[in-house]
Amino acid sequence: MSSSEDDVPLVRANGRANPTPPSAKSNGQSSTNGELDPGVSVRFGAVQNEDVKMEDADEDAHGVSKRKSRASIDQKKSYAEPDSSDEDDQPLSKRRRTSVKHEDPETDDDVPLALNGRKLPKASETAIGESSDSDMPIERKLSAQKKKIEAKAKAEAPAARKAAAAKKDTKPAAAKKQANGVKKEQADDKSSVKKMKADTGALKKGRGKVKAESAEAEDEEDEYRWWDDPAKGDGTKKWTTLEHNGVVFPPPYEPLPKNVKLKYDGVPVTLHPDAEEVAGFFGSMLNSTHNVENPVFQKNFFRDFKDIIKKTGGAKDSQGNKVEIKEFTKCDFKTIFEFYDAQREEKRNLPAAEKKALKAKRDEDEAIYQYCMWDGRKQKVGNFRVEPPSLFRGRGEHPKTGHVKTRVQPEQITINVGKEATVPPPPPGHNWKEVKHDQEGTWLAMWQENINGNYKYVMLAANSDVKGQSDFKKFEKARELKEYIDKIRKDYQKNLKNDLMVERQKATAVYLIDQFALRAGNEKGEDEAETVGCCSLKYENISLKPPCTVVFDFLGKDSIRFYDEVQVDPQVFKNLKIFKKAPKKNGDEVFDRLTTSALNKHLQNYMPGLTAKVFRTYNASFTMSNLLQGMKATGTIIEKVKAYNDANRKVAILCNHKRTVTAGHANAMEKMSERIKGLRYQKWRLKMQMLNLEPNLKKKKGAAFFERDEDLDKEWIKEHQAFLVEEQTQKIKKKFEKDNEKRVADGEKEMKVSELNERLEVVGEMKKKFEKENKSGKVEAEGRGPTVEKLEAQITKLDQRVDTMSVQAQDKEDNKEVALGTSKINYIDPRLTVVFSKKFNVPIERFFSKALREKFEWAIKSVDEDWEF
DNA sequence: CGACTATACTCAGTCTGGAGGTC
DNA sequence: CGACCTCCAGACTGAGTATAGTC
């Protein structure tokens, strides 16, 4: 195969992407279907024989995906692919050279690589691909050099673009009365100081309780600062000594009271506790309609439910006769639900003191599991509780949702612990599956879950040294990428036009990952939700709108929708079009020759340890860094915090971190805008009152000043007035009742209804007043000694309220489906926040909760204000 | 295959803004 | 009237959890 290398055509120095994409513009629809516009196909005519073949392929009943799966096998296996002699399996370049050589250089990029959707033989690809780096033909190198200059261009971009796209952030809430703001700030600061004191107090107290004194200690001299220890964090051995107490099992199942039973076809039935427990899983979540009404959930649950019933001797009615549970629809879990719901309610209504006591008890019982000794240092353990049995709630359309997640037995659990340490005792009468002393692992215990066969690990908490170290390493890795990013971008820019399909796909994928923060996109199994990332993007996930717009629409991790309409490099646009070329169709992968491991392997060539996910970290932190650097250190603390959060939000949008819109959101928004409208109505009334006092104001101020806002039409006003009347009525009634309650409590007798009616007279007057206003179109001045000046002052106040409320509303709307936390916890280098905090003199508590301060201790303590990402 | 990070959701607890009361 | 205090529903936060990714 090495001979084919010579056949690689030269990358032309003029091979710049055609700034004017193919005439496909004229034909947006067809391009979305991955078809090529006439102009392009004419050029394709040059490679006619392939087109013919493509039609053959089309008739091949197995289609692309089959070939594809074969491809992935080939990839690993061999170079002896029988197909490899096919003409179209030759490196594209070869054909291209014969057929397209003399074409207008501007267009030769349009030559399809995707040729009839058939993969190139692994052999040729590999051979050429591998050699291309070291054995790059001279000409290539030259052209590469030329292009060095033009490379820089895109360098910054990703978030800037997104940020711009993200709705312009509302102006700072600065409008708020300054005085108030300042006061509040001070109060806040005080409280945070207080809080800190309380924290250290608790810490000290806590320390007295546990045996290892030296461990956490913020102010102790022997405090260990691993981030100052150069020897830390490299190598694979994670610990030398390790002691811990194992895991906490969930409480055993408590059978339901005798009167609480599943009803089948109206008949209460008795089940073995093991089956009853499963019925309880379902019954207790009846309020989660989202799950319970999902047919897949029902089906999976019911299958498992029937199984366990069968295994445990069946269901019986009150006479002991066997009842066969056959149909899900005949099962009535309501009684069970009511029982559990009442239990929850009871728990919720427990007096605070009892709740506290309960928690204290639990903490005490679990205290020994909370910490471990890791190389002699006390470290917090993360999830030491074994996951309780339940119904599996897969996200999105997960085929396994509803299956019973079974109780984990000690016999399934592997313990990892130091050789010298005492092995944590399994529950009486039980054994561990295995006891290991794996010093290369950071886990303390591990088991396999029955739904997907996934491994579950007990590891240390986020604030532990190991986790801190790997977090640190993650961000250092991302920073390291800074040194390579230019080269990488330059390379993919160039390889967008590579003649080899794989290479072109690789370059395009890296482009997408870099520019749009996509995830790698591993292959997924049949029995998982159908979600995708970059490498697994499907035909239907990408639509192309000429000239250079790409619309992504797919379900990503956690089945969260990724929808974005973006401008891409013209060459990327062309490539995607090629990758989507027929016979590819819905369901087929866009990057059919790419796997995440191949992609990552490619990235490793640039930088050790570089993988797709590093780009996310890098771009998130880099974006944050830029945004923070661009800020001015002015304004109140509140304003600075808001500015920080706005930057944070942009990063979150970049990473597509979403949250579900809260149930009451639309309602809350509606309420807010009604209130704003109400304020404007009030404003108008005040103006009319001014007019009432001084009719000639209309001339002075101009008639426009006294106009009602357009949306305050008569109908709305009537409704609003009714609302105000009703509101007032309710208030008075409530007050009346409350007063009466008080009287009863004080031993006095209740007021009569007549008193209430008397009080309600105000409302009647209000109503009359409104009616009068509506008729006359005038508003009588209210209040004691009203003056125009006083009214003016009131209007100004209303204006401010309207402003602040509008800002709040806008904020709320903008934030409704953006989750800031995830990027703060995982993507934004905490040192950036620390620098910001120091430079702008905002207490770190404003940005990091206690948990985050502990997690990011290494950042808080190691960085001064000159640090840069 | 195994181990690790990343993610959204849940629920309980905390905070807050505004109404009403008091001075 | 207005500054301040209290109370409480509802909003928001954070810890914890379990699921879903990556490599």
Side-chain angles (χ1 to χ4, degrees), chain A residues 180 183-184 187-188 191 195 238 288 290 344 347-348 350 352 355-356 359 382-388 390 392-396 398 400-401 405 414 416 438 440-443 446 448-449 451-457 459-462 466-467 470-471 473-474 519-524 528-529 531-536 555-560 595-597 599-601 603-604 609-614 616-617 655-660 662 664-665 667-668 671 675 727 731 734-735 738 783-785 790 801 804-805 808 812 815 817 819-823 825-827 848-852:
Chain A
N180 241 352
K183 218 182 291 163
K184 180 119 169 280
D188 282 354
S191 80
K195 233 193 246 163
K238 306 287 180 18
S288 172
H290 166 71
R344 279 191 289 251
K347 219 168 126 195
R348 201 174 310 132
L350 230 49
K355 271 190 197 169
K356 235 180 201 167
K359 188 175 182 299
N383 54 330
F384 52 85
R385 270 183 278 270
V386 173
E387 289 170 15
S390 63
F392 175 72
R393 296 155 91 142
R395 304 207 248 263
H398 199 298
K400 292 198 174 174
T401 193
K405 194 170 88 172
T414 304
N416 193 29
D438 177 3
E440 296 188 1
T442 67
W443 52 277
M446 177 256 267
Q448 215 167 355
E449 147 262 8
I451 304 277
N452 298 300
N454 289 334
Y455 294 88
K456 300 282 190 158
Y457 296 88
M459 292 185 192
L460 297 200
V466 244
K467 292 286 186 185
S470 70
D471 219 24
K473 263 163 65 185
K474 173 181 76 184
R519 294 192 182 82
N522 279 321
E523 290 296 325
K524 295 197 70 185
E528 293 176 274
T531 62
V532 300
C534 184
C535 293
S536 48
L555 297 183
K557 179 172 176 177
D558 293 313
S559 292
I560 296 294
T595 63
T596 51
S597 52
L599 183 75
N600 284 330
K601 219 170 181 180
L603 293 173
Q604 311 273 337
L610 181 60
T611 60
K613 80 194 268 284
V614 179
R616 260 168 91 79
T617 315
C655 296
N656 201 41
H657 289 144
K658 293 200 185 163
R659 58 175 181 175
T660 48
T662 50
H665 178 81
N667 235 333
K671 226 169 158 180
R675 284 182 63 183
E727 194 184 43
K731 255 186 215 163
K734 227 176 179 175
K735 171 90 166 66
K738 221 173 154 188
R784 304 176 238 180
K790 275 187 189 168
R801 280 179 70 185
T804 44
M805 279 194 83
Q808 274 174 12
K812 201 184 172 93
N815 238 353
E817 53 176 16
L820 302 191
T822 310
S823 51
I825 294 170
N826 297 304
Y827 287 104
F848 291 155
S849 67
K850 179 164 169 276
L852 280 191

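Convention: sequence-line order gives letters A, B, ...; per-chain numbering from 1.
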Establish, with yes or no, whether the OP1 or OP2 oxygen of [N] is under 4.0 angstrom from a side-chain nitrogen or oxygen of [X].
X	N	result
A:T611	C:dC23	yes
A:T660	B:dC9	yes
A:N522	C:dT22	yes
A:S559	C:dA20	no
A:T531	C:dA20	no
A:Y457	B:dT5	no
A:K613	B:dA6	yes
A:K467	B:dT5	yes
A:R519	C:dC23	no
A:K347	B:dC11	no
A:K524	C:dG21	yes
A:S849	C:dA15	yes

Whichever of A:M446 and A:K474 has its nearest DNA chain B nucleotide further upstream toward 5':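 Whichever sits nearer the 5' end wins; that is A:M446.
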
- request: Assign each of A:R348 and A:S470 to its nearest nucleotide of DNA chain B by heavy atoms, then name whichever residue's nucleotide is nearer the 5' end.
  value: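 Of the two residues, A:S470 wins.
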
How would you label the contact of [X] with the nucleic acid (heavy atoms, under 4.0 Å): base, sugar-phosphate, or nothing?
X	value
A:G396	nothing
A:K812	sugar-phosphate
A:S597	nothing
A:A529	nothing

With the side chain of [X] defined as its heavy atoms from C-beta on, choose the nearest nucleotide among [options].
X	options	answer
A:T442	B:dA8, B:dA12, B:dC4	B:dC4
A:K238	C:dA15, B:dC4, C:dC12	B:dC4
A:K355	B:dG13, B:dA3, B:dA12	B:dG13

field: Qualifying residues under ring-ring contact (aromatic ring centres under 6.0 Å, His included), relative to A:F384, sequence neighbours excluded
entry: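 If we apply the ring-ring contact (aromatic ring centres under 6.0 Å, His included) test to A:F384, skipping adjacent residues, there are no hits.
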
- request: Apply the test side-chain contact (heavy atoms from CB on, under 4.5 Å) to residues A:T414 and A:W443: give CA-CA distance (whole Å), side-chain angles for both, the deciding distance (0.1 Å), then the verdict.
  value: CA-CA 10 Å; A:T414 304; A:W443 52 277; 3.9 Å; yes

Tell me the interatomic distance from [X], atom [atom1], to [N], atom [atom2], rounded to whole angstroms.
X	N	atom1	atom2	answer
A:K473	C:dC23	NZ	C1'	14 Å
A:I560	B:dA6	CD1	C1'	12 Å
A:E817	B:dC9	CD	C1'	16 Å
A:L820	C:dC12	CG	P	12 Å
A:N826	C:dA20	CG	C1'	13 Å
A:H657	B:dC9	NE2	P	12 Å
A:R616	C:dA20	CZ	C1'	13 Å
A:K356	B:dG13	NZ	P	10 Å

- prompt: More 5' along DNA chain C: A:G556 or A:R659, using each one's nearest nucleotide?
  reply: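 Looking at the nearest nucleotide for each, A:R659 comes out on the 5' side.
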
query: Start at the 5' end of DNA chain C and walk down; is the nucleotide closest to A:E528 or to A:F848 reached first?
result: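 It is A:F848, whose closest nucleotide lies nearer the 5' terminus.
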
Say whether, by atom type as modelled, one donor and one acceptor occur between the side chain of [X] and the main chain of [Y] under 3.5 angstrom.
X	Y	result
A:T611	A:N600	no
A:Q448	A:N454	no
A:K400	A:A529	no

message: Using the side chain to side chain donor-acceptor pair (under 3.5 Å) definition, which of the options A:R616, A:K613, A:K474, A:H657 pairs with A:Y827?
response: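 Testing each of A:R616, A:K613, A:K474, A:H657 against A:Y827, the sole residue satisfying side chain to side chain donor-acceptor pair (under 3.5 Å) is A:R616.
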
task: Could you check if a side-chain atom of A:N815 sits within less than 4.5 angstrom of a side-chain atom of A:R659, using non-hydrogen atoms only?
output: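 Yes, side chains in contact.
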
message: Walk me through whether A:E817 and A:H665 qualify under side-chain contact (heavy atoms from CB on, under 4.5 Å).
response: CA-CA 10 Å; A:E817 53 176 16; A:H665 178 81; over 6 Å; no

What N/O pairs connect the protein and nucleotides 16-19 of chain C at under 3.5 Å? Give each pair on its own line.
residue: C:dT17; atom: OP1; partner: A:R385; partner atom: NE; Å: 2.9
residue: C:dT17; atom: OP1; partner: A:R385; partner atom: NH2; Å: 3.3
residue: C:dT19; atom: OP2; partner: A:K405; partner atom: NZ; Å: 3.0
residue: C:dT19; atom: O2; partner: A:R395; partner atom: NH2; Å: 2.9

task: Could you tell me which residues satisfy salt bridge (charged side-chain N to carboxylate O under 4.0 Å, His left out) with A:K405, sequence neighbours excluded, listed by chain and number?
output: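 Testing A:K405 for salt bridge (charged side-chain N to carboxylate O under 4.0 Å, His left out), a comparison that skips the adjacent residues, returns A:E387.
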
query: From A:E440 CD over to A:N416 CG, what is the distance, rounded to the nearest 0.5 angstrom?
result: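 Answer for the CD-CG pair, A:E440 versus A:N416, is 11.0 Å.
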
